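Accompanying notes for the structure given below.
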Protein chains: 2
Amino acid sequence: MNAIILTIGDEILIGHTLDTNSGWMARELVKLGVTVQKMITLADRKEDIMEGLKEAEALADLVLITGGLGPTNDDLTRDTLCEYFNTGLVMSAEVLADLEAFFGKRGRKLTDRNKEQAMVPESCTVLRNPVGTAPGMWFERQQTIFVSMPGVPFEMMEMMENLVIPNIRNGFELPHIIYRHVNTIGIGESYLADLLSEFEKQLPVKLAYLPGLYTVRLRLTACGTDKERLEAILEEQVSQLKVLLADYIYSFDDETMEGMIASLLLEQTATLSTAESCTGGYIAHKITSLPGSSEYFKGTVVSYANEIKAEVLGVQQSALEASGAVSEPVVREMAAGVKHLMKTDYAIAVSGIAGPGGGSPDKPVGTVWIAVAGLDEVITRKYNFGKKRLQNIESTALMALNMLRKLLTRPLD
Amino acid sequence: MNAIILTIGDEILIGHTLDTNSGWMARELVKLGVTVQKMITLADRKEDIMEGLKEAEALADLVLITGGLGPTNDDLTRDTLCEYFNTGLVMSAEVLADLEAFFGKRGRKLTDRNKEQAMVPESCTVLRNPVGTAPGMWFERQQTIFVSMPGVPFEMMEMMENLVIPNIRNGFELPHIIYRHVNTIGIGESYLADLLSEFEKQLPVKLAYLPGLYTVRLRLTACGTDKERLEAILEEQVSQLKVLLADYIYSFDDETMEGMIASLLLEQTATLSTAESCTGGYIAHKITSLPGSSEYFKGTVVSYANEIKAEVLGVQQSALEASGAVSEPVVREMAAGVKHLMKTDYAIAVSGIAGPGGGSPDKPVGTVWIAVAGLDEVITRKYNFGKKRLQNIESTALMALNMLRKLLTRPLD
């Protein structure tokens, strides 16, 4: 089964809204064994939408459409679908009741504008929307299914999870497409490819290299009908990669760096705190984005001002004066300070120049010191990242977490 | 001038990588007066890329292509472009020298695999890549320009900024497409549309509603040749919206909530600190994502564990025991505590249940208390957000910053 994802909205084409829906839908389709062949983003313009529908119908078995279903005048998807399928609008009593309930629950009056949203194309199957006002629509014509959903991400997700995915799963026999990912850090894409050149020659599945900031993700893909066999083939290849790339692998599949650290800390029933200067709370945010992080994470001091480093974290004024805030002694004291203040087993501390200002010939923008304090030692390291502020924040967080990961996985003497 | 953005990469079609390139390129094109008509994402498959190029050539004056230029076997863009333009590969001495310099600077040896990247299509103009290994390519055929760039975001951005945008600006006379945005918070899309129904009737430009989490962004679009006239028309409409929506507007155009707060704090030469429980440092991260934030932001205590609330922030044990960590008295003391500890003029404190665990009938997941401490008062408010952890973190940060904004803009008695 081949799918095309159609996204409708000027706001995406002018770059004001980032389309996160298509990626989410793609992940769900892959799990079902559906191949996404193409993603298309179109303007809120009738002719463009008509053309897009025609193109999608010619290529795909399944067309998932989001956007353009709101109650305002710039929303054209529903009316264009009527024209495309040559059908009229009828009032859906069911949707009207949903709308009344939706507004009633919020103590608000159903406006005429919203009442209009209960008008649906006669030839579609309505997909009810329990968390918003625009219903979805399911059309079938010859070999192609068209599903139109709201563009608001959580409304689309709810509709996909409760209606669209179960309908597809029940209605079709689908092949298995299986992925395994091996996530590496600290080695460039072409070095990795050279390390794996022999491995690639004998490889019975597809291998892709996905480079990121200081990381390269390897993706192995297998496709077929016998799921267990495919899984066994991939597992065998992953085992080989474990040997070939031991030093560089930090996790597998969708496990993030912070997820790895969570598992390791939970395993050791150990706790963590952070002292952050240039990352301004971002490391803590990454850690606490995970459910259950309160089990091992106790807290953070963001010491953006130097006096906080001294007064809250107990960094000695002499160290700040002698070496400056971005230095090995200071970051070492920050780590020890927050570890003591928050009574944790481990602590991360970072201090650096995120930019664009604040650099000097001695310590240019991108200079970062990281310290990781463990049970009875502190490891420090200096990095020189680039010139871009947000990339420096991201890189610092990643490298700091990786230093902690290494400390947590180091074999005991 | 009409553009199509072509993105090439299986990793996007399976939802493993979020395409942020297209939106960034769209914003740059809009600034130039180029209309992005369509965005297309294609698989790493020769036939699909050939078809995509054909489709784009038929529709657009400018085709921006990213992805598929790496040194590994899954990268097909360069060879497909050769086939599409019926041209062969030649060794570029210039690119080879760049590659040697690139590897030399990093103390690494140029591998054969990377040397291969100096082979470029004979009929293209090479775009040198100072920050990576894959050169870009500029093709022209009849009325259409094709530009192929690396998919790694910072390499693409560098190439766009230094080569592609200047080339387009110098080579073409472009119309002006001008946008103004009015950013609102605390009013739903359909209520807003009703408030503006009279305004919309007389509107000489296009209006779009872009709903987000607790916000709606209004976008006004004007297109034409007389830039100053267009700007005056939009300015007049924005003035009318200021009157109609005074209570709901928090900023204009690309000014974010944290950007507004930055301006207000700088204007008042006031300082800020935060005490964060459920947001885990995210508010601090948003604030410190802005360059220059050290001018007004001093720091944060993330008090994920209750004992940090008591020991570092000075919240009274009795308040924690009597009312619980998610309560008005505790969040009030957290705000006062961090304000005192960090010696700032203003402070934000939040405590809530981000979920998925930790809820109770009394305080379900999504319950959040926010306090904002000002010069001589503390304002508190309780919110009930939803069930999703990341949305709760995002909503809490937004509402907390909005409470601070209101306090900072309140007229003096």
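A, B, ... follow the sequence lines: proteins, then strands. Residue 1 opens every chain. Remember, it's a predicted structure, so these values are computed and weren't measured experimentally.
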Under 3.5 Å, is there a donor on one side chain and an acceptor on the other for B/Arg27 and A/His16?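 No pair is found: no donor N or O on one side chain lies under 3.5 Å from an acceptor on the other.
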Region of [X] in contact with chain B, defined by heavy-atom distances below 4.5 Å:
{"X": "A/Gln391", "value": "side chain"}
{"X": "A/Ile393", "value": "side chain"}
{"X": "A/Lys109", "value": "backbone"}
{"X": "A/Asn306", "value": "neither"}

What part of [X] lies closer than 4.5 angstrom to a heavy atom of chain A: side chain, backbone, both or neither?
{"X": "B/Glu311", "answer": "side chain"}
{"X": "B/Val30", "answer": "side chain"}
{"X": "B/Lys31", "answer": "neither"}
{"X": "B/Ser303", "answer": "backbone"}
{"X": "B/Leu210", "answer": "side chain"}
{"X": "B/Phe103", "answer": "side chain"}
{"X": "B/Leu18", "answer": "side chain"}
{"X": "B/Glu28", "answer": "neither"}
{"X": "B/Ile308", "answer": "side chain"}
{"X": "B/Leu29", "answer": "neither"}
{"X": "B/Arg108", "answer": "both"}
{"X": "B/Asn114", "answer": "side chain"}
{"X": "B/Leu192", "answer": "neither"}
{"X": "B/Ser293", "answer": "both"}

Identified side chain to side chain donor-acceptor pair (under 3.5 Å) counterpart of A/Lys206 within the set B/Asn73, B/Asp10, B/Asp44: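 Exactly one option meets the side chain to side chain donor-acceptor pair (under 3.5 Å) with A/Lys206, and it is B/Asp10.
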If you count heavy-atom pairs within less than 4.5 Å of chain B, which of [options] leads?
{"options": "A/Pro291, A/Gly23, A/Pro356", "result": "A/Pro291"}
{"options": "A/Lys286, A/Lys388, A/Glu55", "result": "A/Glu55"}
{"options": "A/Glu189, A/Arg219, A/Lys343", "result": "A/Arg219"}
{"options": "A/Glu276, A/Arg45, A/His181", "result": "A/His181"}

Over 12 foreign heavy atoms within 6.0 Å of CD, A/Glu200: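 Enclosed.
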Indicate the atoms forming the closest heavy-atom contact of [X] with [Y], along with that distance.
{"X": "B/Tyr179", "Y": "A/Ile14", "answer": "OH-CG2, 3.0 Å"}
{"X": "B/Ser190", "Y": "A/Pro71", "answer": "CB-CG, 4.2 Å"}
{"X": "A/Arg389", "Y": "B/Thr288", "answer": "NH2-O, 2.6 Å"}
{"X": "A/Val302", "Y": "B/Phe297", "answer": "CG1-CE2, 4.1 Å"}
{"X": "A/Ser197", "Y": "B/Arg113", "answer": "CB-NH2, 4.1 Å"}
{"X": "B/Asp194", "Y": "A/Thr111", "answer": "OD2-CG2, 3.3 Å"}

Pairwise distance NE2(B/His285) to OG1(A/Thr279) - rounded to 0.5 angstrom: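 Going from NE2 on B/His285 over to OG1 on A/Thr279, the span is 9.5 Å.
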Straight-line distance of A/Tyr282 OH to B/Ser289 OG, nearest 0.5 Å: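 With rounding to 0.5 Å, OH (A/Tyr282) is 8.5 Å from OG (B/Ser289).
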A/Lys38 and B/Asp48, any side-chain heavy atoms less than 4.5 Å apart: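 The answer is no, as the side chains (C-beta and beyond) never meet within the 4.5 Å cut-off.
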Can you confirm whether A/Met342 sits close enough to B/Glu307 that some side-chain heavy atom of one is under 4.5 Å from a side-chain heavy atom of the other?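 They are not in contact (no side-chain heavy atoms under 4.5 Å apart), so the answer is no.
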For chain A, the option from [options] that forms the most heavy-atom pairs under 4.5 Å:
{"options": "B/Thr72, B/Thr7, B/Leu341", "result": "B/Thr72"}
{"options": "B/Ile287, B/Ile12, B/Asp19", "result": "B/Ile12"}
{"options": "B/Gly52, B/Ser22, B/Ala193, B/Gly292", "result": "B/Ala193"}

